[in-house]
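Contents: one structure, followed by commentary.
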Amino acid sequence: MSGESHEAVHRHPAPTSFIRKYIFSLDHKVIGIQYIMLALAAVLVGMTMSVLMRMNLSWPGTNWPILGTLFPGGAPGGAMNPEFYLSLVTMHGTIMVFFVLTTAPQGGFGNYFLPIQIGAEDMAFPVLNMLSFWVTFVGFIVILAAIFFSGSESTVGPIGGWTGYAPLSALGQIAGPGQGMGMNLWIISIAIFCVGSLLGALNFITTLLNMRTRGMSLMRMPLTCWAWFTTAVLALLSFPVLLGGGILLLLDRLAGTSFFIPGGLYVSGILSGTNPNFPVHTGGSPILWQHLFWFFGHPEVYIAILPGMGATSHILATFARKPVFGYRAMVFAIFAIGLLGFFVWGHHMFISGMSPYSAMTFSILTLSIGVPSAVKTFNWLGTLWGGRIRFTTPMLFAIGFVSLFVAGGITGLVLGQTSLDLPMHDTYFVTAHFHLVMGVASIFGMFSATYFWFPKMFGRLMNESLGKFHFWVTFIGVYCIFVPMHTMGIVGMPRRFAQFTEYEYLKTLHPLVVFVSIAAIATVLVQIVFYFNLFWSMFKGKRAGENPWEATTLEWTTSSPPPHDNFAGHLPVVYRGPYEFAVPGAANDFVMQTQPEIAHQPVGQEGTSGNGHDGHRH
């Protein structure tokens with residue numbers, strides 16, 4: 001490793017106490033692991049809720065004694081009531097979207113590896129970094145509190161869905177069980193989460209722009225760094241809108257304002273203004289909340305998926321032993337996806353009564369995102385084509401990511417057209433689409449990153465046999481869950497219904513519903529293998545060297561795990577692009593970014609191609 005002593009203004013001494021080292025740590029690596037552990041806890045809650053939902057959909061009215069014991073109000077005698085089911089839907093979506101899909105890829109892996117990959121000793125603002133995690137943690141505690149203090153014994157939170165649509169979410173307890181204190185806590189949790197995400201986004205942007213090591217030009221950065229940077233920009237621009245909307249929603253609920261509540265509402269047999277619990281409201285617009293929420297909500301899709309795209313690009317190149325195909329095109333595609341994501345929020349609102357001209361505009365913009373998405377997909381295939389592929393566990397999950405992203409993205413082309421979205425918007429077709437492309441694909445990116453970077457984080461390798469078993473069962477399982485859901489949606493099965501036994505036209509689909517539930521339960525259970533492999537390997541896994549995957553980027557030039565300041569006081573100097581594989585004339589099939597160029601090369605010409613493979617010159 002080449003480098004020189006670095007007198008950094010951001011340097012802070014290594015902690016000596018347990019609390020400063022592992023609890024209130026300023027070290028970006030510890031904070032990254034804290035984010036990952038938070039996401040691992042959150043996903044357990046979210047998966048448990050999804051299993052409970054599937055049990056009720058497949059076997060409605062069945063008495064589950066443990067549910068009757070734990071939730072006597074929501075499941076009297078062990079049988080769920082509809083309100084309990086709806087609260088599960090709300091909390092499952094909220095916890096998974098915010099505290100798993102947003103937290104782990106960016107806050108977890110981004111925090112840990114972005115500074116190392118650009119050759120920095122830490123994030124630009126270590127104290128702010130610590131605060132961003134603990135603010136997020138408080139938000140998670142508040143959302144958990146909504147489970148136990150929803151204001152109704154029959155629910156485990158609000159019943160309005162993870163989107164919190166007004167006016168249902170703005171009226172208070174009169175709107176239904178869980179819509180009182182449960183909804184207040186839900187809004188407060190999301191607001192706190194927004195603050196934590198904004199602190200993190202500012203830190204990511206400043207770190208990447210100002211703290212790159214010598215020689216690390218923008219076009220020499222790994223694609224993971226481009227993805228984390230773009231994600232931070234999206235978060236910085238979108239989370240303030242949701243934060244503002246949440247504050248307005250809370251004012252409607254607690255201060256008597258009418259931002260989202262129209263006049264003349266008649267709810268639960270009570271007319272607005274005729275009851276102290278339902279004061280008069282005039283002039284509000286429920287559609288305004290939808291605009292504010294989805295202006296955040298669609299960039300949120302890319303906040304969840306872009307880090308997975310970056311990790312997949314990085315890992316595919318490493319195990320195909322080839323440079324990324326079309327590095328510059330991949331960078332521009334990441335930015336194009338992020339930019340276009342701010343102009344398509346209206347496709348979530350085609351059935352809200354918007355002007356057909358507005359709908360057509362949103363539809364065209366939505367379909368246009370398919371262009372940079374296709375660029376990335378074909379470049380991934382180009383990276384694999386002709387490579388000497390090593391089918392390791394991280395490589396399998398990266399290939400699985402590509403498969404799921406394509407499968408989910410194709411159905412997005414269907415829903416992006418108003419004429420097709422209108423009849424299918426409130427069906428399981430939409431549920432299947434966004435779970436595949438935003439949920440499961442993103443999680444496959446996390447799995448791939450976990451298996452890939454685990455040796456660097458903990459100095460040990462995860463078990464490959466358990467990892468491949470985990471991959472195949474999960475991969476087959478998610479397709480068995482979500483492909484049938486598309487069929488259900490085309491037939492017209494509505495989402496957010498607690499059961500379908502009352503509908504004659506859906507009775508023939510019940511065996512399919514049961515099949516999906518069995519696949520979901522099996523997929524959830526196999527995650528126990530992953531948790532075991534993860535924690536067992538931390539202490540008992542095979543020891544890994546500095547560079548077990550024979551990768552090229554800066555994180556593999558330091559020890560495993562890295563020292564407190566990442567590079568032991570000597571920052572690396574970068575001489576080449578991030579994906580120098582199969583370089584003609586090289587001693588190995590990979591060349592590290594820190595390896596100097598050949599001596600006879602003219603000064604000033606090194607690293608000019610920007611394609612991540614500067615060594616290929618003939």
Side-chain angles (χ1 to χ4, degrees), residues 97 101 294 297-306 308-310 312-313 316 325-326 329-330 333-334 336-338 340-341 343-348 350-351 359-360 362-385 396-445 448 474-493 495 512 516 519 523:
V97 169
L101 300 180
W294 287 117
H298 201 79
E300 165 62 23
V301 171
Y302 301 112
I303 289 171
I305 198 72
L306 280 175
M309 291 181 174
T312 294
S313 304
L316 288 178
F325 184 89
M330 294 290 261
I334 289 173
I337 290 171
L340 288 170
F343 298 96
V344 299
W345 78 91
H347 69 221
H348 297 275
F350 283 153
I351 64 169
M360 181 177 67
F362 281 121
S363 179
I364 293 171
L365 287 168
T366 298
L367 298 178
S368 70
I369 290 188
V371 176
S373 298
V375 168
K376 295 195 72 63
T377 300
F378 286 113
N379 282 13
W380 286 328
L381 297 178
T383 302
L384 292 173
W385 185 263
L396 290 175
F397 274 105
I399 295 171
F401 173 94
V402 176
S403 171
L404 291 162
F405 177 73
V406 171
I410 288 174
T411 56
L413 299 177
V414 175
L415 295 171
Q417 302 175 63
T418 54
S419 59
L420 297 176
D421 180 78
L422 291 175
M424 288 195 287
H425 183 87
D426 280 323
T427 71
Y428 267 83
F429 193 92
V430 174
T431 304
H433 159 70
F434 74 74
H435 273 85
L436 273 182
V437 77
M438 175 189 178
V440 180
S442 177
I443 288 174
F444 265 58
S448 183
T474 304
F475 184 71
I476 295 170
V478 294
Y479 272 111
C480 288
I481 295 167
F482 297 112
V483 170
M485 280 192 187
H486 288 90
T487 303
M488 298 175 190
I490 293 171
V491 172
M493 180 175 283
R495 51 191 172 127
L512 201 57
V516 168
T523 305

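We number each residue from 1, following the sequence as shown.
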Does the side chain of [X] reach to within under 4.5 Å of the side chain of [Y], using non-hydrogen atoms?
X      : Y      : answer
Ile481 : Val440 : no
Leu340 : Ser368 : yes
Ile337 : Lys376 : yes
Thr427 : Met493 : no
His486 : Leu436 : yes
Val516 : Met488 : yes

Is there a donor-acceptor contact under 3.5 Å linking the side chains of Thr312 and Trp380? no
Using every non-hydrogen atom in the two residues, find where [X] and [Y] come nearest and quote the distance to one decimal.
X      : Y      : value
Gly416 : Thr366 : CA-CG2, 4.0 Å
Phe401 : Met309 : CZ-N, 3.6 Å
Gly326 : Asn379 : O-ND2, 3.4 Å

Hey, could you give me each pair passing salt bridge (charged side-chain N to carboxylate O under 4.0 Å, His left out) that has a residue in residues 420-436? Not counting sequence neighbours. Asp426-Arg495
Quick one: pull up CG in Leu420 and CZ in Phe350 and give me the separation to the nearest 0.5 Å. 10.5 Å
Interatomic spacing from CG in Leu512 to OH in Tyr428 - rounded to 0.5 Å: 11.5 Å
Would you sort out whether Phe325 and Trp385 count as a ring-ring contact (aromatic ring centres under 6.0 Å, His included), showing the intermediate values? CA-CA 9 Å; Phe325 184 89; Trp385 185 263; over 10 Å; no
By side-chain hydrogen bond (donor to acceptor under 3.5 Å, both in side chains), which residues pair with Ser403, not counting sequence neighbours? Tyr479
Option among Ile399, Ile443, Val478, Val437 that satisfies the side chain to side chain contact (heavy atoms under 4.5 Å, CB included) test with Leu404: Val478
Partner residues of Ile490 under the side-chain contact (heavy atoms from CB on, under 4.5 Å) criterion, sequence neighbours left out: Met424, Phe429
Can any side-chain N or O of Ser448 pair as donor or acceptor with the backbone N or O of Gly445 at less than 3.5 Å? no
Donor-acceptor contact present, side-chain Thr523 to main-chain Ala519, <3.5 Å: yes
Check ring-ring contact (aromatic ring centres under 6.0 Å, His included) between Phe444 and all other residues, then give those that pass, not counting sequence neighbours. Phe397
Val402 vs Leu316, side-chain contact (heavy atoms from CB on, under 4.5 Å): CA-CA, chis, key distance, verdict: CA-CA 10 Å; Val402 176; Leu316 288 178; 4.1 Å; yes
Determine all donor-acceptor pairs shorter than 3.5 Å in which one atom belongs to a side chain in residues 405-413; sequence neighbours excluded.
| from | atom 1 | to | atom 2 | distance (Å) |
| --- | --- | --- | --- | --- |
| Thr411 | OG1 | Gly408 | O | 2.8 |
| Thr411 | OG1 | His433 | ND1 | 2.9 |

Start with the C-alpha gap between Phe343 and Phe362, add the side-chain angles, then the distance that decides, and say whether side-chain contact (heavy atoms from CB on, under 4.5 Å) holds. CA-CA 7 Å; Phe343 298 96; Phe362 281 121; 6.0 Å; no
Throw together a table of side-chain donor-acceptor distances under 3.5 angstrom for residues 298-306, partners on residues two or more places apart or in other chains.
| from | atom 1 | to | atom 2 | distance (Å) |
| --- | --- | --- | --- | --- |
| His298 | ND1 | His347 | NE2 | 3.2 |
| His298 | ND1 | His348 | NE2 | 3.0 |
| His298 | NE2 | Tyr302 | OH | 3.1 |
| Glu300 | OE1 | Thr102 | OG1 | 3.4 |
| Glu300 | OE2 | Thr102 | OG1 | 2.5 |

